[in-house]
**Q** 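Just dropping this structure here.
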Amino acid sequence: MIQELFERVDRQVGNLLTDIQNGRIGLPDLQRPFVWSDAKVRDLFDSMMKGFPVGYVMLWASPADYSNTKNIGIGNKPFKRPDDLVIDGQQRLTSLLAAMTGIMVLDKNFEWRRIRISYEPLKKEFQVWSKAYERSHQYIADIAEVFKAHDNLETSKFRRALILRMNEGRKKNEQPELTDEEQDRIEDNINALLSLRNYTIPTLRILPKADEEDVAEIFRRVNSGGQNLNENNFIETLLAVYDNEMHDRIKKFCADSRMPAKNTSYNPIIDVDPSHIIRVAIAFGFHRARMRYGYKLLRGDDLEAGTTSVETREKNMQIFRKFLEHVLSLNDWHAFINLFSEAGYLGREQLRSNYVVVYSYVFYLMGKYEYDVQPVALRRAIVRWIFMSTITSFYSNSPESAVERQLADLRGVHNAEGFVAFLDDTIRRRMNETYFSIELVNSLTSSSANSPLWFGYVASINILGTPMLFSNTPQSKYWVIGTDGDKRSIDKHHIFPKHYLESIGIVDDRDRNQLANFTYLDYNTNIDISDKAPTLYVANYKEKYGEDSYNAHLANNAIPLGFEKMEYFEFLEQRRKLMAGIIKKAYNKLWEDGSK
């Protein structure tokens, strides 16, 4: 006989929200911060008012050792230990609780905000709050005020004040006062709004005997939004359960990474997510890259003995806390982030993988605290590592497996020299002569606008301090944060303009948008060249700069001499080789700098 892992326990909205507020239902960050738009929240209320279905809620009966969890709201709750955790329906429940009670929510940018929904009591219509609805005498600007009045037994008082305000507004607009029928309709529609607390939401409760893998699989199979729960989701829940303060510190670090301010984790490279911090701490503290191992460790598993205990959980949590202190150190974080500029990466748009940041930070922290590598040697080694791992897409395929192997190999390394040699040997094997002369050249046959090879070439130009084409200013200066607001003062331009190529019969964008056909130009030069044929604009710039300076511009920017007279596909072939040469030159410079 089949033993079901769930039971049907349909609940009314009011009961669900009450249980969240008193702590009987835990609403942890299992999925992600609040991401719904206010318009979607409005549509949720509209659907409920019309009696439409609005999806379901999935709860997980708390394991016996879950002592507390992180809920929406602040303050002590009657239930110190939740009976159920919300697995699916977080966004819906957050929307309902926030809009009906006025509680603030933490959005995807880690900013606190109110969700305010306005209500037209004559037409029974919802709108997203705006100043216009706040000023309008026809609207209840914030439905939370209605529910607050009801909870304070002041619904009649609220309704009378509303009718008085509506009549004053009508009088001001030279309109007749509300009729008795309209006043009755307002009362009915306010009661209809309050009755949404009685709306029944289909609710599934996963039984305690289901383990985390069962829960994740159930979520995947029934969730219509295409989301999956993973080990990181459960790790976040464990942290919220067993150490709320630590969980809040991680979230604050992530929030600060997005907002420029002194003494914060803000940086130009990455918007930090809790999953990034967790990965770094697990890899740094336990030498494990796979998050499933991280979850097992924080749950209390002894990976060697194959046992689970509260004592092991507390021990591993203590280890996690210890290494997290280094991970969240602003001095270490900023010293590490600054290495990206030395590797030529000056903005987050240049990085195509967050894994480069995550795992490079792991090696930086290991080098500093575990192997005691001298600061200068560590800085140079990590800069080379960043350069290699970004250009070669080192972490693009099975990054957890790759790093797991590296961490295992490092167990046999016991000193600073061995650690640096391990990184350097990996770099040399990846970026050998065959790579530069064959593999890299062939890989540059791409039209992907976001190719890591293109940004690797740009990084190389920055490392070499090369002036931008037809400019005397180093290209890196145009990437400095804050010099030009949100729009940079440089443009990516076709060396053989698109319309010119079209005029000679080359119309396929995969051909016209080859990486080898691009360069950066300052804004004015870009406008000047526009769609001119190369033979036309080359003559102008030869005259402007003189033969020698013009030739240097081309050489520094990997453009073959006489390119304007070349057949287009021959130009592409030659330029790929020159671009590979620029990348190799920057690579060699990083090694030369490291030998000084």
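The chain is numbered in sequence order, starting from 1.
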**Q** With distance as the sole test, does Ser476 use its side chain to make a donor-acceptor pair with the main-chain N or O of Gly465 at under 3.5 Å?
**A** no
**Q** Within a radius of less than 6.0 Å around CD of Glu567, do more than 12 heavy atoms belonging to other residues, nucleotides or ligands occur?
**A** yes
**Q** Check whether Trp454 forms a cation-pi arrangement with Arg352 (NZ or CZ under 6.0 Å from the six-membered ring centre, at most 45° off the ring normal).
**A** no
**Q** Please check this pair: side chain of Trp60 against backbone of Leu85, looking for a donor-acceptor N/O pair closer than 3.5 Å.
**A** no
**Q** Determine, stepwise, if the pair Glu433 / Lys584 fulfils side chain to side chain contact (heavy atoms under 4.5 Å, CB included).
**A** CA-CA 9 Å; Glu433 286 301 319; Lys584 182 180 180 181; 2.9 Å; yes
**Q** Spell out, as yes or no, whether a donor-acceptor pair under 3.5 Å connects the side chain of Gln475 to the backbone of Leu521.
**A** no
**Q** Ignoring hydrogens and angles, tell me if any N or O in the side chain of Asn557 forms a donor-acceptor pair with the backbone of Ala555 under 3.5 Å.
**A** no
**Q** Check whether the side chains of Asp528 and Thr525 place a donor and an acceptor atom closer than 3.5 Å, and report yes or no.
**A** no
**Q** Check whether NZ of the Lys or CZ of the Arg Lys492 lies under 6.0 Å from the centre of the six-membered ring of Phe518 and within 45 degrees of that ring's axis.
**A** yes
**Q** Between His494 and Asn513, is any side-chain donor less than 3.5 angstrom from a side-chain acceptor?
**A** yes
**Q** Inspect the surroundings of CD in Gln374 and state if more than 12 heavy atoms from other residues, nucleotides or ligands are less than 6.0 Å away.
**A** no
**Q** Between CZ of Phe320 and CZ of Arg313, what distance do you get to the nearest 0.5 Å?
**A** 14.5 Å
**Q** Ignoring hydrogens and angles, tell me if any N or O in the side chain of Tyr457 forms a donor-acceptor pair with the backbone of Leu444 under 3.5 Å.
**A** no
**Q** Taking the side chain from Asn432 and the backbone from Arg429, do they hold a donor-acceptor pair closer than 3.5 Å?
**A** yes
